[in-house]
Asker: 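Structure below; questions to follow.
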Amino acid sequence: MKSVWIISAALATMMTLSSALAAPGTVLRDEKLYAQAASTSKVVASVKRGEAVEIVTKQGGWLKVKAGKNEGWIRLLSVRSGTGGVGGAGVGDVVGAATTRSDPTRVVAVAGLRGLSQGLDEEQLKQAQFNAEELARLEANAVKPADARTRASRSGLVASNIAHLPDPKAASRSSSPWEESY
Amino acid sequence: MKLKLMIIAISLTSFSGIAGGFDFGKLIEEQLKRDSTQPAPTQPAPTSQPAPATQPAPQPAKPKFDPFQLGMTLLKDYSVEEEMRIGHQIAGNLLGAAPLVKDNALQQYVNQVGNWVALQSGRTDIPWRFGVLDNEAINAFAAPGGYIFVTKGLYRRLNNEAELAGVLAHEIAHVTNKHHLKVLKKSSLIGALGEAAGRKVEGSDQIVQNLIGNGAEIMARSLDREAEFEADRHGMVFAARAGYDPWGLPNVLQGLATLPNDSRTSLLFKTHPHPADRLASLGDAVGDRFDRVSGKDLADRFYRIR
């Protein structure tokens, strides 16, 4: 009886340590693996874009990964979880079609999935009728900014001044319709 | 009138394509501003006036199109009031496709979190409203005027309040950057000309409905890829400014990257760049910029639903 206890305790510990992770991932850019979750720590190896890794655990903006015989920490945004390549027009990517550039003026095609869909599809959205009753419920559950401030403060949230991130493509792009002043 | 039609023909060619180097839009706008200061002509509108353009116009001008509506929807920026009317109509229609989860405590909770994040966006001239839609799809929506929705399918996948804040912040950024209004502005001319102005829509605003098309179909349209990347960048910053762990949104994207393309995700994947592209683009912008930024994930305060 006692040994059963010990075994199950050991199993539980193992499961907690590996948690939900130990999942496959793919490196999104040539990167370094660090000894710790900090770019000031020692570089233990480097990995190439497209390389498959095993995600062991995460900590803040870092993932601990196994790449071949190497193990180290890599930036969270330098890896995608799951298989299916580095995205974009990646061959063999099941959702590659999702990345085609859209034309906002294009008339949306009928999806033809109506009735089968578990979720919201184009056709359902197109057929949607204005629902004043639900909109009234939405309004009834709205909160005042002052209340949100109080609640945030009670939760220990402190606002800080953080600058916007630069657009990494801004230099290479002459003009984008999204950046015109409005 | 003749001048107006010609202008419309020119603007159709310039608005429907990728914007060229020369800013036709500005030119037209200025021309029509001058035009609109003149008193309105009293003679009846011509019954049939071919557009005197050398290039073929995609849509011939219908005799009963309303120049006032056209002016409101195309030629000037939307006022806050117009923006809220547009958002009201879209939100009401979206709720017709998917009602709210019947849990007022949940709805108020997302409003608390969402409002706090929205306060960091700098946009305080609109009343922000947040809702969880009773639908298994994995998606989130933003409509102009500050209407933000998350589906139950996506909400259930979230692990903590920082992740919720990140999702809401991405949608908030679509509103603060007026991404949908820009799409409407670009397509409204075609819409105003192509849609008959006489359809009856019960309990709603007819002019706005004509502008946005059928029901909530605008929520099924893709924004430009760059608009999605921008909303990711701004969203991550808004959540971090609110004191949340800045990695909430990236963690949600990591989760989405593992999902198959099925009926729960098809609309999300159709209307957004692949999560791997979004992570890579965000990574290009972030680099080491958040290395010394920390925040709370508030897992214990997160409102969980079944």
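Below, each value reflects all heavy atoms present in this structure, side chains not excepted, and no hydrogens, waters or symmetry copies. To find a chain, count down the sequence lines: A is the first, B the second, and so on, and within it residues start at 1.
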Asker: Which answer fits Val293(B), side chain, backbone, both or neither, if we ask what part of it has an atom under 4.5 Å from a heavy atom of chain A?
Answerer: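 Val293(B) touches chain A through side-chain heavy atoms alone.
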Asker: Working to the nearest 0.5 Å, report the span between CD of Glu139(A) and NE2 of His88(B).
Answerer: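 The distance works out to 6.5 Å.
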Asker: Please classify the contact between Tyr244(B) and chain A as side chain, backbone, both or neither, with a heavy-atom cut-off of under 4.5 Å.
Answerer: both
Asker: For Gln112(B) and Ala148(A), work out which heavy atoms get closest and say how close.
Answerer: OE1-CA, 3.3 Å
Asker: At what distance, to the nearest 0.5 angstrom, does CD of Glu136(B) lie from CG of Leu120(A)?
Answerer: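 So the gap between those two atoms works out to 10.5 Å.
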Asker: For Lys152(B), is it the side chain, the backbone, both or neither that has a heavy atom under 4.5 Å from a heavy atom of chain A?
Answerer: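 Neither part, no heavy atoms under 4.5 Å.
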Asker: Which heavy atom of Leu138(A) sits nearest a heavy atom of Phe130(B), and at what distance?
Answerer: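 Smallest interatomic distance, heavy atoms only, reads CD1-O, 3.5 Å.
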Asker: Evaluate the side chain to side chain contact (heavy atoms under 4.5 Å, CB included) criterion for residues Lys144(A) and Asn115(B): first the C-alpha distance (whole Å), next the side-chain angles of each, then the deciding distance (0.1 Å), finally the verdict.
Answerer: CA-CA 8 Å; Lys144(A) 292 187 179 71; Asn115(B) 262 281; over 6 Å; no
Asker: Who among Pro24(A), Ala128(A), Ala136(A) has the most heavy-atom pairs with chain B under 4.5 Å?
Answerer: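 So the answer, after comparing Pro24(A), Ala128(A), Ala136(A), is Ala128(A).
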Asker: Under 3.5 Å, is there a donor-acceptor pair between the side chain of Gln107(B) and the main chain of Ala140(A)?
Answerer: no
Asker: Charged N to carboxylate O under 4.0 angstrom, Asp291(B) versus Arg75(A)?
Answerer: yes
Asker: Heavy-atom pairs under 4.5 Å with chain A: which of Arg278(B), Met236(B), His234(B), Met219(B) has the most?
Answerer: His234(B)
Asker: Step by step, would you call Glu161(B) with Leu157(A) a side chain to side chain contact (heavy atoms under 4.5 Å, CB included)?
Answerer: CA-CA 11 Å; Glu161(B) 194 170 302; Leu157(A) 294 169; 4.2 Å; yes
Asker: CG of Leu76(A) to CD of Gln254(B): how many Å apart, nearest 0.5 Å?
Answerer: 5.0 Å
Asker: Please find the pair of heavy atoms, one from Ser81(A) and one from Gly255(B), that lie closest to each other, and give the distance.
Answerer: OG-N, 4.4 Å
Asker: Among Gly243(B), Gly153(B), Ala216(B), which has the most heavy-atom pairs under 4.5 Å with chain A?
Answerer: Ala216(B)
Asker: Once rounded to the nearest 0.5 Å, what's the spacing between atom OG1 of Thr26(A) and atom CG of Leu279(B)?
Answerer: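 The CG atom of Leu279(B) is 11.0 Å from OG1 of Thr26(A), to the nearest 0.5 Å.
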Asker: As an exercise: rank Asp288(B), Val110(B), Val113(B) by heavy-atom pairs under 4.5 Å with chain A and give me the winner.
Answerer: Asp288(B)
Asker: How close do Ala240(B) and Ser160(A) get, heavy atom to heavy atom, and via which atoms?
Answerer: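 So the minimum-distance heavy-atom pair works out to O-OG, 4.0 Å.
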Asker: Sort Leu119(B) into side chain, backbone, both or neither according to what part of it lies under 4.5 angstrom from a heavy atom of chain A.
Answerer: side chain
Asker: Side chains of Phe130(A) and Gln209(B): does their closest heavy-atom pair fall under 4.5 Å?
Answerer: no
Asker: Between Trp116(B) and Val143(A), does a side chain to side chain contact (heavy atoms under 4.5 Å, CB included) hold up when you go through it step by step?
Answerer: CA-CA 10 Å; Trp116(B) 172 241; Val143(A) 305; over 6 Å; no
Asker: Does Asp284(B) pair with Arg29(A) as a salt bridge, N-O distance under 4.0 Å?
Answerer: yes
Asker: Among Pro250(B), Gly131(B), Ala242(B), who wins on heavy-atom pairs under 4.5 Å with chain A?
Answerer: Ala242(B)
Asker: Is Gln120(B) in contact with chain A via its backbone, its side chain, both, or neither, using a 4.5 Å heavy-atom distance?
Answerer: side chain
Asker: Check whether Arg129(B) reaches the backbone of Ala142(A) with its side chain - one donor and one acceptor, N or O, closer than 3.5 Å.
Answerer: no
Asker: Going by the side-chain contact (heavy atoms from CB on, under 4.5 Å) test, name the single residue among Leu106(B), Val132(B), Asn111(B) that passes it with Asn141(A).
Answerer: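 Exactly one candidate clears the test, Asn111(B).
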Asker: Using 30° and 60° as the class limits, which term best fits the ring planes of Phe238(B) and His164(A): parallel, tilted or perpendicular?
Answerer: perpendicular
Asker: Is it true that a side-chain atom of Glu134(A) and a backbone atom of Leu100(B) form a donor plus acceptor pair closer than 3.5 Å?
Answerer: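 Present.
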Asker: Thr150(A), Val158(A), Ile162(A): which one forms the most heavy-atom pairs within less than 4.5 Å of chain B?
Answerer: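 Ranked by heavy-atom pairs under 4.5 Å with chain B, first place is Ile162(A).
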Asker: Stepwise, does the side chain to side chain contact (heavy atoms under 4.5 Å, CB included) test hold for Trp247(B) with Lys58(A)?
Answerer: CA-CA 11 Å; Trp247(B) 306 102; Lys58(A) 68 175 178 184; over 6 Å; no
Asker: Tell me, out of Val286(B), Asp297(B), Leu133(B), who's got the most heavy-atom pairs with chain A below 4.5 Å.
Answerer: Val286(B)
Asker: Could you report the tightest heavy-atom contact between Leu267(B) and Leu125(A), atom names first, then the distance?
Answerer: CD2-CD1, 3.7 Å
Asker: Going from CD on Gln129(A) to CG on Asn214(B), what distance comes out if it is rounded to the nearest 0.5 angstrom?
Answerer: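 Interatomic distance, Gln129(A) CD to Asn214(B) CG, rounded to 0.5 Å: 10.0 Å.
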Asker: For Arg289(B), is it the side chain, the backbone, both or neither that has a heavy atom under 4.5 Å from a heavy atom of chain A?
Answerer: side chain
Asker: Count the heavy-atom pairs under 4.5 Å between each of Gly82(A), Gly60(A), Ser78(A) and chain B, then report the option with the highest count.
Answerer: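 Heavy-atom pair counts peak at Gly60(A).
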Asker: Heavy-atom pairs under 4.5 Å with chain A are the metric here; pick the option from Thr124(B), Val117(B), Leu253(B), Asn251(B) that has the most.
Answerer: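 Among the listed options, the one with the most contacts to chain A is Asn251(B).
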Asker: Looking at every non-hydrogen atom in both residues, tell me the closest pair between Ser281(B) and Pro168(A) and how far apart they are.
Answerer: O-CG, 3.9 Å
Asker: Using the salt bridge (Lys or Arg N to Asp or Glu O under 4.0 Å) criterion, which residues pair with Lys296(B)? Sequence neighbours excluded.
Answerer: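 Here no residue qualifies.
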Asker: Quick check on Lys48(A): does its NZ atom have over 12 non-hydrogen neighbours (other residues, nucleotides or ligands) under 6.0 Å away?
Answerer: no
Asker: Once rounded to the nearest 0.5 Å, what's the spacing between atom CG of Asn135(B) and atom CD of Gln124(A)?
Answerer: 7.0 Å
Asker: Asp245(B) versus chain A, heavy atoms under 4.5 Å apart: side chain, backbone, both or neither?
Answerer: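 Answer is neither: Asp245(B) stays 4.5 Å or more from chain A.
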Asker: Below 4.5 Å from any heavy atom of chain B, which atoms of Leu77(A) appear? Answer side chain, backbone, both or neither.
Answerer: both
Asker: Between Ser155(A) and chain B, which part of the residue has a heavy atom less than 4.5 Å away: side chain, backbone, both or neither?
Answerer: both
Asker: Where on Ala163(A) is there a heavy atom nearer than 4.5 Å to chain B: the side chain, the backbone, both, or neither?
Answerer: backbone
Asker: Considering residues at least two apart in sequence or located in another chain, which fulfil the ring pair (Phe, Tyr, Trp, His ring centres under 6.0 Å) criterion with Tyr34(A)?
Answerer: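 For Tyr34(A), the residues satisfying ring pair (Phe, Tyr, Trp, His ring centres under 6.0 Å) (neighbours in sequence not counted) are Trp62(A).
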